[in-house]
Amino acid sequence: MGKKREIAGKAVTWTAKKLWLGLAVFLVLFAVLLSVLRYSLPYLDNKKPLLEEYINQQYGVALSIGTLKADWLQSGPSIVLEDVKLQSNAQSPIAMDIDNIDIELNFWQSLTTGQLSSKQFNLDGVALTVETTRLNSDEQSSDYPVIDALHDLFLEQLERFSLRDGVVTLLKEDTEQVIEVSELSWLNRNGQHRGAGAFRVQELASNAATFLIDLDGGKGNLRGTLYAQAEDVDISPWVSGKLQTRRPLKESRANLEAWAEVENSKISAVFTQIHDSRLTWGGQDNVTVSTGILGGSFQALPKNDHWYFRIDQLEVVSNKQRLVTDLVGRWSQDDGLLINTIKPTPVNPFLVLLPLFTDDTADDDVRDFAPTGQLATLQMKAGQAGLAVTAKLLDVSWKQHDGIPGLQQLDVDINWHNSQGAVRVQSRDAMLLTDTLLPENIGLNQLDANIYVYPLQTNGQQNWMLSYDDLILDTAVAKVTQSLRVNLSDADLSLFTTVSDMPVDSAKKLFPATLMGKNTAAYLTRALTGKGKVANTRILWHGKPGNFPFSDNTGVFQAYTSLQESAFDFSEQWPALDDMNMALAFENNGLVMKAPAAT
């Protein structure tokens, strides 16, 4: 028994000596290797071709390094790479150009944790170009080893890194979107990924918004939240690019918060809260137009390759006028954008935006008309097939102003597709407001018209045309039918109008005293007597109104009407005409009157 113990003790002693000897040898070899590594680091620049060739063979991409500097600090190796370029090719849908990569590794912590731990991993001056069509292709998305390598590096292998002065360019067919990332700090720990920084979309804003990223999981099953906040962000680049206005944009600020939920490495929901955001426009005429969004929320969810969204309580203000509306819609890459209103919206607040686009007093005139009404429904679709708009306005009314009659209770249907549209106007049992132009307002029995707007090529130039046939205006005084065609580009006008027969007493209600003179209107009202009628009224016009009376034969104006069985009392000193039949024929600025019989 004692001999066995002696043999076992010797075996343990021998094993311990061998272990200590192996450990000593390992430590010596490790120290030698570490020394070799430390002293060889400054000479790594000469080995750049080997590193570039390795990357090329491993990932099939062309990598070039301008300079490589390395040294050994107290915590581990420090490496600085300058002018690093990665070219896009068949194996890579991305290209990178990095001014400087500064790496300071924590050597001992990296050994103990099995994760590449760095006191600093800084990237400065990064220009990243991404071909999004190739990257998002389901067939090719898994065929890019360099993408997988970058995922592993920045999501798993590195504990932390930072970025300054980055520019990301997203390419899609013939368009590009540029995002500037002024700063980014990132931390990976225990399967959690946290990021914070600031970014700016070049075409949208001129200053940066902040963002936070909070994700869990691996590269294939990331989940968490993306958050961005814009405070007083100047969005003038986007507004100026979308709206060509006469008045320059003096001030713009946008305030909003946005959240995006991530599931299985894909965005599963988007939420946005819009806060007080304003746009102020000005001009040389000292007229200031203030517009903005006081509030509203946006929600979007993906389903079957579409994003379905809704906008609730969108509160819009314009020059102290306010409207609140709700919208729903959907968007997809193939079908484009579709938007619908949910409930009626007042029309008038939209009209106060006219000063942004007009270069005369037209905007003041519109405000004097004080139009009102309800936008009952609106559907807008924008996609590869172009723009299509369908809208219905109810109870549209406006006041009379500057010789133009007002109208009540007009319904309007609008259908627009690409560059042409149709407008149907209808009114029943309404009122024409004419008492500042005519002796009294006129009851409107019926108004019906189908109006068409379309482009027409003439002599190699595109002109905008407006036309309608058989407009019906049935009033308490007379019934008017009219066909019209006008070139909106040069005001060339053609029309034909017929007026139903009416009693002379009714015709007196159509004398515009403010145009023909109060004395003239009073004289004709007194002089026309009897129970006769005005008949066979027809009007023909062809030409530009500015060329009237068409002395150069570029147009023609003709009008015809007749007085039948009427009486005309000239004055107390002149005998009256009774049972008069008179034909009046106008041509341009001429008038011919024929009275074959009178007593």
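For this chain, numbers begin at 1 and follow the sequence in order. Reckoned from all heavy atoms, side chains included, excluding hydrogens, waters and symmetry mates.
- When side chains are defined from C-beta on, Leu301 does not count as touching Val270, because their heavy atoms never get closer than 4.5 Å.
- Judged as a salt bridge (charged side-chain N to carboxylate O under 4.0 Å, His left out), the pairs with a partner in residues 369-393 (not counting sequence neighbours) are, in order, Lys392-Asp413.
- Annotation: ring pair (Phe, Tyr, Trp, His ring centres under 6.0 Å) contacts of Trp464 (sequence neighbours excluded): none.
- Residues Val233 and Arg253 form no side-chain contact, since every pair of their non-hydrogen atoms from C-beta on lies 4.5 Å or further apart.
- With hydrogens and angles disregarded, a donor-acceptor distance shorter than 3.5 Å links the side chain of Ser252 to the backbone of Ile235.
- Although no hydrogens or angles enter the test, the distance criterion places a donor-acceptor pair under 3.5 Å between the side chain of Asp234 and the main chain of Ser236.
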Query raised in the report: Would Ser397 and Gln408 satisfy side-chain hydrogen bond (donor to acceptor under 3.5 Å, both in side chains), going step by step from the backbone distance to the final call?
Result: CA-CA 4 Å; Ser397 303; Gln408 296 176 342; over 6 Å; no
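- Of the possible polar contacts, none joining the Trp307 side chain to the Phe309 backbone as a donor-acceptor pair under 3.5 Å is found.
- Asp411 places a side-chain N or O within donor-acceptor distance of the main-chain N or O of Asp395, the cut-off being under 3.5 Å.
- Atoms CG and CD1, from Leu226 and Ile267 in turn, are 6.0 Å apart once rounded to the nearest 0.5 Å.
- Within the 4.5 Å cutoff, side-chain heavy atoms of Leu155 are placed close to those of Trp186.
- In this structure, Phe271 has its ring center at least 6.0 angstrom away from the ring center of Phe298.
- For the pair Val84/Leu63, a side-chain contact is recorded, criterion being any heavy-atom separation below 4.5 Å from C-beta on.
- A heavy-atom distance below 4.5 Å is found between the side chains of Gln177 and Val201.
- Taken from CD1 in Ile101 to CG in Asn122, the straight-line distance is 10.5 Å, to the nearest 0.5 Å.
- Residues that satisfy the ring pair (Phe, Tyr, Trp, His ring centres under 6.0 Å) test with Tyr227, not counting sequence neighbours, are Trp259.
- The backbone N or O of Asn89 lies less than 3.5 Å from no partner atom in the side chain of Ser92, so there is not a single donor-acceptor pair.
- Under the rule for a salt bridge (charged side-chain N to carboxylate O under 4.0 Å, His left out), Asp335 has no partner lying at least two apart in sequence or in another chain.
- Taking the side chain as every heavy atom from C-beta outward, Leu150 and Asp148 never approach each other to under 4.5 Å.
- With 3.5 Å as the limit, one finds a donor-acceptor pair spanning the side chains of Thr345 and Thr325.
- The environment of CD in Gln87 is sparse: at most 12 heavy-atom neighbours from other residues, nucleotides or ligands sit within 6.0 Å.
- Remark: Arg424 CZ is packed, more than 12 non-hydrogen atoms of other residues, nucleotides or ligands lying under 6.0 Å away.
- Side-chain atoms of Asn255 come within 3.5 Å of backbone N or O of Asp232 as a donor-acceptor pair.
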**Report entry** Audit row: Gln379, Asn340, side-chain hydrogen bond (donor to acceptor under 3.5 Å, both in side chains) steps and yes/no
**Finding:** CA-CA 5 Å; Gln379 182 180 87; Asn340 289 278; 3.0 Å; yes
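- In this structure, the side chain of Asp326 does not engage the main chain of Ile342 through any donor-acceptor pair within 3.5 Å.
- Side chains of Leu123 and Phe154 form a contact here, defined as non-hydrogen atoms less than 4.5 Å apart.
- Under 3.5 Å, the side chains of Ser297 and Gln273 contain no donor-acceptor pair of N or O atoms.
- Side-chain atoms of Leu466 and Tyr454, non-hydrogen and from C-beta on, never get closer than 4.5 Å to each other.
- With a 6.0 Å radius and a threshold of 12 heavy atoms from other residues, nucleotides or ligands, Gln461 has its CD atom at or below the threshold.
- For the pair His306 (side chain) and Asn304 (backbone), a donor-acceptor distance under 3.5 Å is present.
- A salt bridge does not link Arg223 to Glu263: none of the charged side-chain nitrogens sits closer than 4.0 Å to a carboxylate oxygen.
- For the pair Glu251 and Arg278, the salt-bridge criterion is not met [side-chain N within less than 4.0 Å of a carboxylate O].
- Within the 3.5 Å criterion, the main-chain N or O of Ser185 finds no donor-acceptor partner in the side chain of Ser162.
- At distances below 3.5 Å, at least one donor-acceptor pair connects side-chain atoms of Ser265 with backbone N or O atoms of Leu222.
- Remark: Thr390 OG1 to Leu378 CG distance equals 8.5 Å, nearest 0.5 Å.
- Sorted by first and then second residue, the salt bridge (charged side-chain N to carboxylate O under 4.0 Å, His left out) pairs with a member in residues 302-315 read Arg310-Asp312, Glu315-Arg322; sequence neighbours excluded.
- Applying the side chain to side chain donor-acceptor pair (under 3.5 Å) test to residues at least two apart or on different chains, the pairs with a partner in residues 207-216 are Arg194-Asp214.
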